[in-house]
2 protein chains.
Amino acid sequence: MRTDSRLPRVLHVLLHLDQTQDPVTSDQIGKMLNTNPSLVRRTMAGLREAGFVGATKGHGGGWVLAKNLDSISLAEVYAALGSPQLFAVGKSADAPTCLLEQAANRATSAALEAARETFQEKLGQVTVADLVRPHAQEIRQHQEKL
Amino acid sequence: MRTDSRLPRVLHVLLHLDQTQDPVTSDQIGKMLNTNPSLVRRTMAGLREAGFVGATKGHGGGWVLAKNLDSISLAEVYAALGSPQLFAVGKSADAPTCLLEQAANRATSAALEAARETFQEKLGQVTVADLVRPHAQEIRQHQEKL
DNA sequence: TGATTTTGTTACTTATAAAGTTACATATTC
DNA sequence: GAATATGTAACTTTATAAGTAACAAAATCA
């Protein structure tokens, strides 16, 4: 498949929404993302369900932030998108009978799961607001290690 | 795309090759992997170039191990495959001009790169031989932490 | 020598999931 | 009632590994 770019895209959108009070239409967002409004609505749906944004119809409608960006971690954004498939690499089969194949799958899965944990940890340590606060991210991560 | 299962597949093959002295044909390997000989040859090509296996043509030909499995780490196997694309998730664009998009990409890439490091570390701590030596993998990893 | 086996490689098709597109019902505002 | 937006369903496109077919080259066997 193509590379899934929904996470950076919605982060981008959230940062833009934070810069204005007025609702931003899917059409305007589509222009920011170089895509079309329908895809924007589909992609943002998860964030709406999670309560991070609100959408209103009709004249003057559009998307607005419904929560402060410093109270939303990147991990929550990823989850709101439905925790999309992270890896392009995976096991050979779900439940092979061959013991050697099982061993190969176990080792592959173990490395992938460890990587997934790191990914989730990293996302959990950063809020969306941190992204535009230079070095805040590094400081926060350093403090967590103490 | 489909999930890339080359890593567990070639690990599976290496473990099988270790169980016999005779060359194993691509056709026989194809039956183990539920695929066809041509794909086997294509997939194994990297391991041949890396010197992990050898292939001989003609009657009685096929694939044989060219190196001891306890001297091959999973990281080396992954590299021999050409270090395939690990993630299904990625940045929104390569070099966006929007500063907010840059920030979104930076954060996404940072989490992915941290995950990749974990993946590589994990693969580096295990040899192919470890896969069929129960608990050897855990012991080795525990020792590395000391 | 000539038939057979097997790899090495190229070219092409299929499968899968996100991206992209189109269309329209529904809701809100003017 | 006209215009503006979202919500959603259906469909097409794209990208990449898997899968397939075909054949030249090399090695073995009779």
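Chain identifiers are assigned alphabetically (A, B, ...) following the order of the sequence lines, protein sequences preceding nucleic acid strands; residue numbering begins at 1 within each chain.
Backbone-only contact: A:Thr35 has heavy atoms under 4.0 Å from sugar-phosphate atoms and none from a base. The residue A:Asn36 sits close to a base: some heavy atom pair falls under 4.0 Å.
In this structure, B:Phe119 has its ring center under 6.0 Å from that of B:Tyr78.
Tested against A:His12 for a side chain to side chain contact (heavy atoms under 4.5 Å, CB included), the candidates B:Pro96, B:Cys98, B:Ser92 yield a single pass: B:Cys98.
Along DNA chain C, the nucleotide nearest to A:Thr56 and the one nearest to A:Ser5 differ in position, and the one closer to the 5' end is contacted by A:Ser5. Between B:Gly61 and A:Arg42, the residue whose closest nucleotide on DNA chain D is further toward the 5' end is A:Arg42. In terms of position along DNA chain C, the nucleotide closest to B:Thr25 lies nearer the 5' end than the nucleotide closest to the other residue of the pair A:Arg9 and B:Thr25.
With no hydrogens or angles considered, no side-chain donor-acceptor pair links B:Thr25 and B:Trp63 at under 3.5 Å.
Under the 3.5 Å distance criterion, the side-chain polar atoms of A:Asn68 are left unmatched by any main-chain donor or acceptor of A:Ser71. Side chain of A:Ser109 to backbone of A:Arg106: no donor-acceptor contact under 3.5 angstrom is found. Between the B:Gln85 side chain and the B:Phe87 main chain, a donor and an acceptor come within less than 3.5 Å of each other.
Chain B approaches DNA chain C within less than 4.0 angstrom (heavy atoms of the protein), and the contacting nucleotides run 5' to 3' from C:dT4 to C:dT16. First and last contacting nucleotides of DNA chain D toward chain B (any atom under 4.0 angstrom from a heavy atom, 5' to 3' order): D:dT16 to D:dC29.
Annotation: side chain of A:Leu14 is not in contact with side chain of A:Asp18 (no heavy-atom distance under 4.5 Å). Side-chain contact check for A:Met44 versus A:Val53: some heavy-atom pair is nearer than 4.5 Å.
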